[in-house]
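If you're wondering where the values come from, they're calculated on a predicted model, not measured in any experiment.
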Amino acid sequence: MTDFTIASFNVKNLIGAEQEYYHFQQYTVEEHAWKEDWLADMLVRLNADIVGFQEIFELPALQAVVDEADRLGAASNADVVPDKSKRYRKRAIFRKLAYKDYRDAKIAFAPNANDGAPGERRPGVAILSRHGFDGTPEIIQELSPELQVDFQGGEAGHFKLTRLSRPILKARVPLNGQTITVFNCHLKSKLGEFHRPDGADFAPEADLTQYDPVGRALGALRAATRRMAEAWVLRRLIVEELQAGHPVMVLGDFNDSENAVSSEIIAGERPFKNYSWMLRHNAKHANDRYKDEENDAIQDAVDEVRLESCEKLFVKKSLRDMVYTSAFGGVFESIDQILVSRHFREGPHQIGEMEYFSVFNDHLTDGSHPEAPYNKLASDHGQIMGHFKLWDR
């Protein structure tokens, strides 16, 4: 058997010092040093074999964090891991305490096609893998052909999408004779999307002194529509991999809770307990319902391409108080997720299982409370990690 861990880590705007990423926002040398140290320390705490990062503006800044993590990890190993002269060195606790460096690991970075000049930067995503990659990781952001969604009824309208707000990074990771397809994503945020008229300095809805509730609601609609369209693009990629017989893991910042429509699009619909009571799609009479054998086939077809949340898998077998990865405006919720295909759930297709689920959220504070600790340089997301055991083939 092979044990491995996989984590999702939104780093909150990782870029080098004295570089303006958004308007009037940049890190001083000292602020950047603090942030790099904090991120490296968290990476040591995770000590994960596969890490999906979000909000990466440039690869060198991420590489510096990984290098600093290795330095901190080596110092920790020198303090806590017994050398070969100690007869108790084989105790299990020291295997748990030991940090494994990333010297031989590979990093795949997906820059954002929307990235612009200083002050107009847009972040990408990355995957760090101690097991390397099988083939070249793929970046999905430009849509060709474009996505066009037609509403029911000839004159009801439609919308189209030609580019994702942030790239999806797809990588195949070899593990113990298996190859697992890992998707790392960062879907459109809930922040309203407002149009700036030609020649204007800002969108009218951005002027809060002239508060426009209807215009701002339209901005929220644009953001939600984009996020759900991006979720569908990701879902299509997931189904392609599953139908090709590949185990799948999806991680990242979904910018929505696990029960939101966008999250349900990504994970796939849940099957009904029984379809044999349901009126057939081509019913000619009131009692035309699906047969028992058709119910079994439908159940399997839905389950074949459905993903399950690692958080839910863990909660099912644990008495857990609360899991959250985001705190804003008094709302504590999980918007960062790790989803897995049925290959990691009980059943005939199972190749492994999740043994544990970790959440690192002690650093999160809600800025709506004036007494909240000041930690703006740390990540504004909690980090999550699944602990898996992969069976020998």
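Within the structure, side-chain hydrogen bond (donor to acceptor under 3.5 Å, both in side chains) contacts touching residues 32-42 (residues at least two apart or in different chains) do not occur.
Considering NZ of K160 and CD of E146, their distance stands at 4.5 Å, rounded to 0.5 Å. How far CG of N184 is from CZ of F53: 9.5 Å, rounded to the nearest 0.5 Å. The distance from atom CG of L279 to atom NZ of K284, rounded to the nearest 0.5 Å, is 11.0 Å. The CD1 atom of I351 sits 14.0 Å away from atom NZ of K389, with the distance rounded to the nearest 0.5 Å. From S326, atom OG reaches atom CZ of F254 across 14.5 Å, with rounding to the nearest 0.5 Å. Between the CZ atom of R226 and the OG atom of S262 there is a distance of 14.0 Å, given to the nearest 0.5 Å.
With salt bridges taken as basic N to acidic carboxylate O contacts below 4.0 Å, one links D303 and R345. Here K170 pairs with E138 in a salt bridge; the nearest charged N to carboxylate O distance falls below 4.0 Å.
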Atom pairs and distances, donor-acceptor, side-chain atoms in residues 73-80, under 3.5 Å, two or more places apart:
unit_1: N77; atom_1: OD1; unit_2: Y99; atom_2: N; d: 2.8
unit_1: N77; atom_1: ND2; unit_2: Y99; atom_2: O; d: 2.8

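Aromatic ring centroids of F57 and Y21 lie under 6.0 Å apart.
Aromatic ring pairs are classed by plane angle as parallel below 30°, tilted from 30° to 60° and perpendicular above 60°; the pair F344 and F388 is perpendicular. Ring planes of F314 and F357: tilted class, angle from 30 to 60°.
Annotation: cation-pi pair R172/F133 absent, no NZ/CZ under 6.0 Å from the ring centroid and within 45° of its normal.
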Test side chain to side chain contact (heavy atoms under 4.5 Å, CB included) applied to I140 and L237, step by step: CA-CA 10 Å; I140 300 96; L237 296 169; 4.0 Å; yes

Audit row: L187, I266, side chain to side chain contact (heavy atoms under 4.5 Å, CB included) steps and yes/no: CA-CA 11 Å; L187 301 188; I266 295 170; 3.7 Å; yes

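The neighbour count for E346 CD, taken as heavy atoms of other residues, nucleotides or ligands under 6.0 Å away, does not exceed 12.
Of all the heavy atoms in A200 and R196, the pair that sits closest is O-CD, 3.2 Å.
For S165 and E230, the side-chain atoms include at least one donor-acceptor pair closer than 3.5 Å.
N112 pairs with exactly one of E55, R166, Q141 by the side chain to side chain donor-acceptor pair (under 3.5 Å) rule, that one being Q141.
In terms of modelled atom types and a separation under 3.5 Å, the side chain of E120 and the main chain of N114 share no donor-acceptor contact.
Under a 4.5 Å side-chain heavy-atom cut-off, the cluster of Ile, Leu, Val, Met, Phe, Trp and Tyr residues that includes L221 is completed by L218.
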